[in-house]
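Input: a single structure, listed below in structure tokens.
Here the structure is a predicted model, which means the values were calculated and not measured. Counting from 1, the numbers follow the sequence of the chain as shown.
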Amino acid sequence: MGRRRRMDAKRRRAWAVWARRAALLLAAALVYAMIPAAPERALAPEPGREIWLVDHGFHVGLLLPRAALEDTPMAGAAPGAAWFEIGWGDEAFYLRALETAETPLDLAPQALLWPTPSVLHVGAFAAPPPRVFAAERLLRLPADAGALAALRRATLAALTDPPERIAGGLYGGASAFYRGRGAYSVIYVCNHWLSDALRAAGYPTTWFWSTAPAGLFAELRWRGAADPP
């Protein structure tokens with residue numbers, strides 16, 4: 001019995017050592033993930049130029065003025081639109097939402113557990129974002145010509161070449177789904193795509209905080225990139 005107790009104690013000590021090491025590695029990974037990544041360009045806000053973000057609960061939409069998407073298939077399909085909402089995400093999840101008009105929670109595990117095909121959703125609106133999304137949380141980001149150009153490039157890079165429209169969009173009218181590039185997964189969700197696009201445009205975002213809308217909005221505010229609420 002004494003020998004067995006000694007062996008059990010030795011195993012417990014070994015497990016405790018491995019548990020401490022795993023906890024340290026996890027803590028280090030979290031600290032690394034929270035280190036702000038420097039924007040890819042210096043932003044110099046210009047009067048009259050702006051973009052908006054809209055919080056849909058689990059997904060953040062990017063709202064671009066028409067000037068950012070002029071001479072693209074999306075703008076051509078909506079000649080009367082002044083603003084466009086861009087959203088990248090899982091194809092099956094998005095299209096089921098189109099069919100059911102609600103969030104398809106049964107598809108969430110599938111979308112997260114392994115890489116799945118992506119789509120780009122484009123909504124078109126004549127009215128400005130504060131009127132269109134009056135019931136949702138919005139964030140205004142001052143912009144410059146370089147930021148709009150970078151967000152245009154990110155939007156077009158998320159589409160197949162040539163762009164392939166695969167379904168009407170969530171808002172009816174000129175909104176549409178286009179076949180996307182890149183895979184959706186648990187380590188690269190819709191808001192991570194947006195975070196990458198914003199960072200390329202000159203806004204300070206981090207993979208870790210961008211995972212959830214609240215984190216993305218909070219980081220842009222505390223780092224001075226967004227207008228106060």
Side-chain angles (χ1 to χ4, degrees), residues 34 36-72 74-75 78-89 94 120-158 169-171 173-176 189-229:
M34 288 188 286
E40 296 179 19
R41 59 179 300 273
L43 186 71
E46 300 170 0
R49 297 191 192 272
E50 63 184 17
I51 64 171
W52 293 77
L53 304 181
V54 55
D55 179 1
H56 290 301
F58 66 94
H59 162 77
V60 177
L62 169 65
L63 291 154
L64 297 177
R66 185 179 189 89
L69 295 180
E70 202 63 86
D71 300 322
T72 65
M74 294 82 76
W83 286 88
F84 294 88
E85 185 197 13
I86 309 298
W88 179 92
Y94 248 144
L120 196 75
H121 180 259
V122 181
F125 310 98
R131 286 180 55 191
V132 176
F133 298 102
E136 298 181 77
R137 192 162 64 119
L138 287 164
L139 193 65
R140 178 186 176 274
L141 304 180
D144 59 14
L148 297 183
L151 292 168
R152 173 193 176 96
R153 289 193 296 272
T155 299
L156 294 177
L170 296 172
Y171 307 130
S175 66
V189 299
C190 50
N191 297 329
H192 293 146
W193 176 85
L194 176 57
S195 177
D196 286 348
L198 290 172
R199 192 161 52 253
Y203 301 97
T205 61
T206 307
W207 177 91
F208 179 82
W209 295 111
S210 298
T211 302
L216 177 60
F217 276 42
E219 181 174 34
L220 288 166
R221 284 192 180 120
W222 80 54
R223 296 184 65 188
D227 285 347

| task | Examine distances only and state if a side-chain atom of R66 and a backbone atom of A75 form a donor-acceptor pair shorter than 3.5 Å. | result | yes

| Side-chain donor/acceptor of H59 to backbone N/O of H56, under 3.5 Å | no

| query | For the rings on Y171 and H121, is their centre-to-centre separation under 6.0 Å? | reply | yes

| Side-chain donor-acceptor pair under 3.5 Å between E219 and T205, yes or no? | no

| query | Would L220 and L139 count as a side-chain contact (heavy atoms from CB on, under 4.5 Å) if you check the C-alpha gap in whole Å, the side-chain angles of each, and the deciding distance to 0.1 Å? | reply | CA-CA 9 Å; L220 288 166; L139 193 65; 4.0 Å; yes

Would you check if [X] and [Y] make a side-chain contact, meaning some heavy-atom pair closer than 4.5 Å?
X: P129; Y: V54; answer: no
X: S195; Y: T206; answer: no
X: F217; Y: D55; answer: yes
X: R152; Y: T72; answer: yes
X: L64; Y: L62; answer: yes
X: P128; Y: W52; answer: no
X: Y203; Y: L141; answer: yes

| said: Is there a side chain to side chain donor-acceptor pair (under 3.5 Å) between E85 and W83? Walk through the geometry before answering. | reply: CA-CA 7 Å; E85 185 197 13; W83 286 88; over 6 Å; no

| Full working for side-chain contact (heavy atoms from CB on, under 4.5 Å) between I86 and W193 | CA-CA 11 Å; I86 309 298; W193 176 85; 3.9 Å; yes

| said: Under 4.0 Å between a side-chain nitrogen and a carboxylate oxygen: does that hold for R41 and D144? | reply: yes

